[in-house]
Structures are given as structure tokens and as C-alpha cells.
Amino acid sequence: MGSEMKEVDLSVSLGSLKLKNPVMTASGTFGYAREFAPYVNLQRLGAVVVKGISLEPRIGNPSPRIVETSCGMLNAIGLENVGVKRFIAEKMDSLRASNVPVIVNILGDTLDEYREIAAQLADVEGIAAIEVNISCPNVKKGGVAFGTVPEMAEAVTAAVKKQSRVPVIVKLSPNVTDITVIARAVEAGGADSVSLINTLIGMSIDSKSRRPGLANIIGGLSGPAIKPVALRMVYQTAQAVSIPVIGIGGIETVEDILEFMLAGATAVQIGTANFINPRVSEDAVEGLAQYVKEQKMGSIRELIGALVTA
Ligand SMILES: Cc1cc2nc3c(=O)[nH]c(=O)nc-3n(C[C@H](O)[C@H](O)[C@H](O)COP(=O)(O)O)c2cc1C
């Protein structure tokens, strides 16, 4: 397996961020990576994206916080995390030691919170990029999600970008009418790349108990159920911006990755599938290497945006 890897070129560039292959893990589905080290050779992955970090620790929502749906799952974890100070003190050492590019996902309730987290992370060694989750409500603007208003999306991007020494990836919310408007806004704000999609807002009901599946009633839908929506949004976004696009949503197999790259993604993230097979991302890297070899392709990059529509 190791020798196969060396013969093929799986490397991709997200602006100045060079990855040895396009396969990353998605935020919130891979812990702080260390939890997966017994199952996955982390070094084989393109990058890992850690669970979203806020300024202060969060305890999250009451249970049940996860419920299975047809071809997917709903979650309302409530962005439980240890907060930026403990993240730096307790999680960064093992992340640095894992020899894989580490992308830190951040979130906030206000513009100032995003700015402050980015400032605290700026001096930390071993962070390859910041991914900004803009699907969160802006508490100073009546709870409207940052990622649904172009001006707010642009402002939060610019604020994080100004504090950061590493590339800034902005993670887009699919819960909008036209995702290309938001993609262009964050590009204008200085984003180095965009990742999409975050979860689609959904709910489930148990008719026997007449109760919602989630204690929070509504939550984020993920898994194969959202893949066609994600593919469509990646396709539209790749046409609309000139920065690289990272595809996310329902990816489980090598074929799924090929589809996202054909739609215009330079790289991908695997989320929910980690709960079914913790090795899925490493398997995907091996599968991609096999594919490039079999197809006698010079590089995986030939696939990016190579969708045939005529
Ligand atoms: C349990 C769970 C927790 C998540 N936590 C975060 C998070 O903290 N920050 C974030 O930006 N996205 C979070 N996500 C969204 C995923 O990173 C991803 O965008 C989404 O699940 C779609 O990909 P998938 O269908 O491969 O899971 C979470 C998803 C799940 C299922």
C-alpha cells in the first residue's frame, strides 16, 4: 500500500495550503483526532478538522442530541466544546504530534468573539489553517445566522482574516436561498477558500410518543441524504468564485469524492461516515491512489471541475 501511494500524485493546493491528498475529516465528527488514532493512521490523511471551538467552553444541548433518519442523521449537539484556552492547553500537543495538517474550526456568537478566538490562535504553533463556521446565530443581530446575510458573512471573514497568519477557510451554511451570493461575499472578505456544506436544518418526530426526535426539536441533517444538495451547491459555488472549494456532504466512498471533484471541489471532508467506519477517510485515500493509478492519470487534480456537460 505504501509503495502505491508514492507512485501517484494525490496532492492538491488550497491557495497556499498544500495537502498531500484531498481527503480531510469534517469538524465535529472526528473529535480532536486523538480519539481516532487507534483506528486511523492520521498521517495518511490530507488534513484533520477539529471540533468547533468557541471563546468560552460550552456544555451543549440536552439529550437526545442525535437521531437517525433515512440515509442520514440529525444532530443538535449545541456546539459542545472545551473553549479556546483549554483547546490550546490540552489538545494542541497531541494534534501537533500526529503529523497531519491541523485545521481548527471556530465559531462565535458575535463578531468580537470570532475576532478574539482568531487572535488567541494566531500565536499557536502547528495550525495549518482556520475554518470559520458561519452557521451560528449572531446574538447581537436578533439571532440571524452570520452565514445567511452577505454583509455579516463578509465582515466575520474579514475580522478573522485580519487576525490570522494561516489560510482562512470559510464554511458555508446551506440554509440560504442562493449560496453563491454568500460565497462571493466571503471571497470579498478575504477568504482563502470556502468549504461547503454544513448541515441542513431539519427535524424528526416519533408519532407513537408524539415527541420530537431531538430534545432541541430542530437540528442539522447530515449523511448521504444531503449529498445531492451538497453536490449542487459545490457545483454552483465553484462557478461563482475563483478561490478553491472544499466539498462536504454525505461522502462515504471514493466515487463520492470523484463526484465532488468533478463538480469543482479541490478537496473534500468526510463527516457522518466516520461514525459508521472510523477508518473511512484512510480507506478513501487508498482508494483514490488506486483510482489514479488504474486510470493512468498524472494527478488527481485533473478531475477538479472536469464535469462533462455538453
Ligand atoms: C455530530 C456532528 C457534529 C458537528 N459539529 C460541527 C462543528 O462543530 N462545526 C462545524 O462547522 N460543523 C459541524 N458539523 C457539520 C459537519 O462538519 C459537516 O459539515 C456535515 O455533517 C455534512 O457532512 P457529512 O454529511 O459528511 O456529515 C457536525 C456534524 C455532525 C454530524
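Predicted model, so just to flag it, every value in this text is computed and none were measured. Each ligand, and each atom within it, is numbered from 1 in the order the structure gives.
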For ligand 1, which atoms sit closer than 4.0 Å to a heavy atom of N105? 9 (N), 10 (C), 11 (O)
Tell me which protein heavy atom sits closest to atom 23 (O) of ligand 1, plus the residue, atom name and distance to 0.1 Å. I248 CG2, 3.4 Å
For ligand 1, which atoms have a heavy atom of I226 less than 4.0 angstrom away? 22 (C), 25 (O)
Using heavy-atom distances only, which candidate in E131, K51, Q269, K171 approaches atom 18 (C) of ligand 1 most closely? K171
Got the closest protein heavy atom to atom 15 (C) of ligand 1, with its distance? N198 OD1, 3.4 Å
Please verify whether a non-hydrogen atom of N81 lies at under 4.0 Å from ligand 1. no
Just need the protein heavy atom nearest to atom 26 (O) of ligand 1, so name the residue and atom and give the distance. G271 N, 3.0 Å
Of all the atoms in ligand 1, which lie at a distance below 4.0 Å from a heavy atom belonging to N133? 9 (N), 10 (C), 11 (O)
Can you tell which of G223, A26, G28, C136 gets a heavy atom nearest to atom 3 (C) of ligand 1? G28
Quick one: look up the protein heavy atom nearest atom 21 (O) of ligand 1 and list residue, atom name and how far away it is. S222 CB, 3.3 Å
Sequence neighbours excluded, which residues qualify as salt bridge (charged side-chain N to carboxylate O under 4.0 Å, His left out) partners of R232? none
Below 3.5 angstrom, do we get any N/O pair linking T29 and ligand 1? no
Near G52 (heavy-atom distance under 4.0 Å), the atoms of ligand 1 are 8 (O)
Has G250 got any heavy atom lying under 4.0 angstrom from an atom of ligand 1? yes
Protein contact of atom 13 (C) of ligand 1 - nearest heavy atom, named by residue and atom, plus distance: S27 O, 3.1 Å
Backbone N/O of P57 and side chain of R86: donor-acceptor pair under 3.5 Å: no
Go through ligand 1 atom by atom and flag the ones less than 4.0 Å from a non-hydrogen atom of G249. 23 (O), 25 (O)
Carboxylate-amine/guanidinium contact E80 R65, below 4.0 Å: yes
Other residues, nucleotides, ligands: >12 heavy atoms within 6.0 Å of F275 CZ: yes
Heavy atoms, side chains only, cut-off 4.5 Å: are N75 and T272 in contact? no
What class does the angle between the rings of F87 and Y32 fall in, given that below 30° is parallel, 30 to 60° is tilted and above 60° is perpendicular? tilted
If we number the atoms of ligand 1 from 1 as shown, the ones under 4.0 Å from a heavy atom of L79 are 7 (C), 8 (O)
Would you call E282 and R279 a salt bridge, taking side-chain N to carboxylate O under 4.0 Å as the test? yes
Give a yes or no on this: more than 12 heavy atoms of other residues, nucleotides or ligands lie within 6.0 Å of atom CD1 of I59. no
Polar contacts were defined as any N/O atom of the residue lying under 3.5 Å from an N/O atom of the ligand; does this apply to I197 and ligand 1? yes
Is K161 salt-bridged to D192, going by a charged N under 4.0 Å from an acidic O? yes
For residues Q163 and A119, report the shortest heavy-atom separation together with the two atoms involved. OE1-CB, 3.5 Å
With the threshold set at under 4.0 angstrom, would you say M73 reaches ligand 1 through any of its heavy atoms? yes
Is it true that atom CZ of R96 has more than 12 heavy atoms of other residues, nucleotides or ligands lying nearer than 6.0 Å? yes
So which bit of L107 gets within less than 4.0 Å of ligand 1, heavy atoms only: side chain, backbone, both or neither? neither
salt_bridge(R34, D93) N-O dist < 4.0 Å: no
Please work out whether any backbone atom (N, CA, C, O) or any side-chain heavy atom from C-beta onward of N75 is under 4.0 Å from ligand 1, and answer side chain, backbone, both or neither. side chain
Where's the contact between T272 and ligand 1, heavy-atom distance under 4.0 Å: side chain, backbone, both or neither? both
For T199, the ligand 1 atoms with a heavy-atom partner under 4.0 Å come out as 20 (C), 21 (O)
Atom pairs and distances, donor-acceptor, side-chain atoms in residues 194-202, under 3.5 Å, two or more places apart:
{"unit_1": "S195", "atom_1": "OG", "unit_2": "E131", "atom_2": "OE2", "d": "2.7"}
{"unit_1": "N198", "atom_1": "ND2", "unit_2": "N133", "atom_2": "OD1", "d": "3.3"}
{"unit_1": "N198", "atom_1": "ND2", "unit_2": "S135", "atom_2": "OG", "d": "3.4"}

